[in-house]
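Beneath this line is the structure, given in structure tokens, with notes to follow.
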Number of protein chains: 2
Amino acid sequence: MPGVFFPARFCGEAADPNELREFQKLAVQVRVAAGKTIFSEGELADSVFGLSRGFVRLYRLLPDGRRQILGFALPGDFLGMPINDRHPVSADTIGEVTLSRFSRLKLANFILSSPNVLRLLMEFAARQLEMAQDQIALIGRRSAEEKVSIFLVNWRSRLARITGSSEAVPLPMPRKDIADFLGLTLETISRTFTKLEQRKAIRILPKAVVMLTGLEQPPLLKGGTYDPHILL
Amino acid sequence: MPGVFFPARFCGEAADPNELREFQKLAVQVRVAAGKTIFSEGELADSVFGLSRGFVRLYRLLPDGRRQILGFALPGDFLGMPINDRHPVSADTIGEVTLSRFSRLKLANFILSSPNVLRLLMEFAARQLEMAQDQIALIGRRSAEEKVSIFLVNWRSRLARITGSSEAVPLPMPRKDIADFLGLTLETISRTFTKLEQRKAIRILPKAVVMLTGLEQPPLLKGGTYDPHILL
DNA sequence: CGAAACTTTGATCTCTGTCAAGATTAGTGG
DNA sequence: CCACTAATCTTGACAGAGATCAAAGTTTCG
């Protein structure tokens with residue numbers, strides 16, 4: 001997907017062209033190799049990032065080494081809240097990635113200067129919170145199979161934003177990442193995938209799945225988009 | 001705790017006295033009986049509320065009836081984001097409650113009129129998001145005993161804000177609520193309480209616990225306040 | 001005082017985690 | 001392009017934490 005225009009999600013359709021142009025000028029493009037850390041929890045947030053190409057996992061580490069993945073970012077998503085002094089989560093790349101890097105201070109000034117944009121940021125934050133709450137409900141009260149099914153359905157729907165919805169849905173992250181996102185082990189993820197394949201709900205491909213009919217069965221949250229990507 | 005001044009948390013110490021006074025004038029006091037619903041998920045958010053006295057649980061229902069509690073609000077907390085058209089969660093009272101009721105529109109106008117206040121709201125939202133993320137890490141990757149211990153420590157620390165820290169820590173919500181908050185069953189909560197009591201980490205009283213030394217042992221998230229109250 | 005709500009405890013079951021091999025896939029250098 | 005190594009994924013056997021089902025105890029409150 002070359003040419004993905006990153007602030008799509010953050011600035012939405014709002015903000016007038018002038019503001020947008022100026023916004024763009026604040027960014028510097030950076031490429032980061034696969035498996036690198038973009039920033040770590042607790043670090044000073046000098047920069048925040050727009051994700052132009054590739055995928056990123058956001059996570060926290062517990063003292064004993066367990067890892068909780070809070071979300072996967074995809075092109076168009078924003079990494080880092082301009083108002084936070086420090087990054088509350090860690091982020092690293094899944095595969096190679098292209099970022100638009102912003103000085104947080106400059107961006108914060110820009111945002112605070114425009115009530116318009118501030119309002120957008122506010123709405124962005126509210127959306128993030130809602131997604132986090134979706135994830136809490138997903139992790140807290142669901143069986144492994146429900147978790148995986150819901151994850152897949154959501155992932156496809158998020159991806160639809162940027163890919164012409166082809167047959168196979170790419171799954172760039174390893175099983176372990178999905179496990180740490182859903183609060184399961186990688187073995188359970190693998191077994192559940194296999195079970196779903198046997199049931200002809202999906203077809204497993206290398207780094208992708210094909211989703212057949214009968215996957216939406218698991219009871220989703222009422223009417224929600226159910227899109228737990230947390231990008232703070 | 002009579003006379004708790006509710007916007008403490010939301011408006012913080014900032015906002016000049018004039019603004020605060022005007023803010024106060026927007027509110028109407030309401031009393032709500034125990035076990036009543038204040039608002040429900042998906043409902044139009046005509047009003048938002050400050051909690052003056054009592055406790056409230058925020059939750060979502062899954063279609064099959066399972067319930068995920070997202071947080072407990074206590075005096076000083078705010079219920080409802082002024083920018084949301086609809087309530088993303090349900091809220092009901094635990095015991096009798098006193099609320100400051102605001103027209104959402106009036107409040108939104110007030111907020112948008114003052115960049116000062118808007119910024120505060122922004123920070124409030126960011127804090128909420130961080131708390132939600134804490135809760136995700138808590139629910140996703142912890143044993144029952146860790147969950148309960150961490151819950152108790154956090155609850156006490158939140159309560160310390162409003163009570164002179166006496167021996168017994170009040171626990172106004174029933175076991176089922178704690179269970180639905182932590183993603184466990186009420187039986188497991190009860191058994192874990194008993195285990196902690198046998199280990200002399202706590203003493204169980206009716207609607208309260210005394211927390212003895214040796215409770216903070218469970219590895220907390222590094223340096224976090226670990227205060228998962230979500231109030232959206 | 002008595003009924004309703006909440007809590008504790010017990011017995012049993014099952015889902016998921018853990019430990020351990022293999023099988024596949026991806027990556028690297030010749 | 002192939003061979004070899006490392007990483008990732010699948011599968012199995014087993015154990016255990018927590019769920020479920022059921023029945024007593026407590027506390028609360030009218």
Side-chain angles (χ1 to χ4, degrees), chain A residues 33-35 57 62 64-68 92-96 138-149 151-152 168 170-199 202-209 218, chain B residues 33-36 55 57 62 64-68 92-96 138-149 151-152 168 170-199 202-209 218:
Chain A
R57 62 178 157 255
L62 305 196
D64 60 357
R66 280 173 293 187
R67 178 182 67 163
Q68 176 68 51
D92 45 47
T93 58
I94 303 172
E96 195 183 287
L138 176 61
I139 286 179
R141 315 258 67 185
R142 298 288 191 167
S143 70
E145 196 179 319
E146 287 177 309
K147 289 181 183 180
V148 171
S149 302
F151 168 74
L152 288 176
L171 227 51
M173 74 293 283
R175 301 283 186 263
K176 182 66 162 59
D177 283 6
I178 301 176
D180 286 347
F181 180 66
L182 297 176
L184 297 168
T185 60
L186 80 173
E187 292 96 330
T188 298
I189 300 294
S190 186
R191 279 188 248 272
T192 308
F193 270 61
T194 304
K195 206 193 299 178
L196 290 174
E197 180 163 55
Q198 283 165 355
R199 176 176 313 181
I202 65 173
R203 225 149 53 74
I204 303 171
L205 306 175
K207 295 212 169 260
V209 283
Chain B
K36 297 298 178 199
F55 302 92
R57 64 179 155 254
L62 304 195
D64 60 357
R66 280 173 293 186
R67 178 182 68 162
Q68 176 67 51
D92 45 46
T93 58
I94 303 172
E96 193 181 286
L138 175 61
I139 286 178
R141 316 256 68 185
R142 298 287 191 166
S143 70
E145 196 179 319
E146 286 177 309
K147 289 181 184 181
V148 170
S149 301
F151 168 74
L152 288 176
L171 227 50
M173 74 292 284
R175 300 285 185 261
K176 182 67 161 59
D177 283 6
I178 301 176
D180 286 348
F181 180 65
L182 297 176
L184 297 168
T185 60
L186 80 172
E187 291 96 330
T188 298
I189 299 295
S190 184
R191 278 188 247 273
T192 306
F193 269 61
T194 303
K195 206 192 301 177
L196 289 174
E197 179 163 56
Q198 282 164 354
R199 176 175 314 179
I202 64 173
R203 226 149 52 74
I204 303 172
L205 306 175
K207 293 211 171 263
V209 284

Roughly how many Å is it from [atom1] in [X] to [atom2] in [N], rounded to a whole number?
X	N	atom1	atom2	result
A:L171	C:dT25	CG	C1'	15 Å
B:L205	D:dT28	CG	P	11 Å
B:F193	C:dT7	CZ	P	9 Å
A:L184	C:dT18	CG	C1'	14 Å
B:E187	C:dC13	CD	P	17 Å
B:K195	C:dT7	NZ	C1'	17 Å
B:K207	C:dT7	NZ	P	6 Å
A:E145	C:dT16	CD	P	9 Å

Side chain of [X], backbone of [Y]: donor and acceptor closer than 3.5 Å?
X	Y	result
B:K207	B:P170	no
A:T93	A:A33	yes
B:S190	B:L186	no
B:R66	A:R141	yes

Shortest side-chain distance from [X], nucleotide among [options]:
X	options	answer
B:R191	D:dT20, D:dA13, D:dT8	D:dT20
B:P206	C:dG17, C:dT7, D:dT27	D:dT27
B:L186	C:dT18, D:dT20, C:dT7	C:dT7

Under 4.0 Å between any heavy atoms, over every strand shown, what does [X] touch: base, sugar-phosphate, or nothing? Just pick one.
X	result
A:I189	nothing
A:I204	sugar-phosphate
B:G95	nothing

Ignoring backbone atoms, test whether [X] places a side-chain nitrogen or oxygen under 4.0 Å from the OP1 or OP2 oxygen of [N].
X	N	result
B:S190	C:dT8	yes
B:T185	D:dG18	no
B:R175	C:dT8	yes
B:T194	C:dT9	yes

Q. Of A:R141 and A:Q198, whose nearest nucleotide on DNA chain D comes first from the 5' end?
A. A:Q198

(Q) Nearest 0.5 Å, please: how far is OG1 in A:T188 from NZ in A:K147? (A)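 Here the rounded value is 9.5 Å.
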
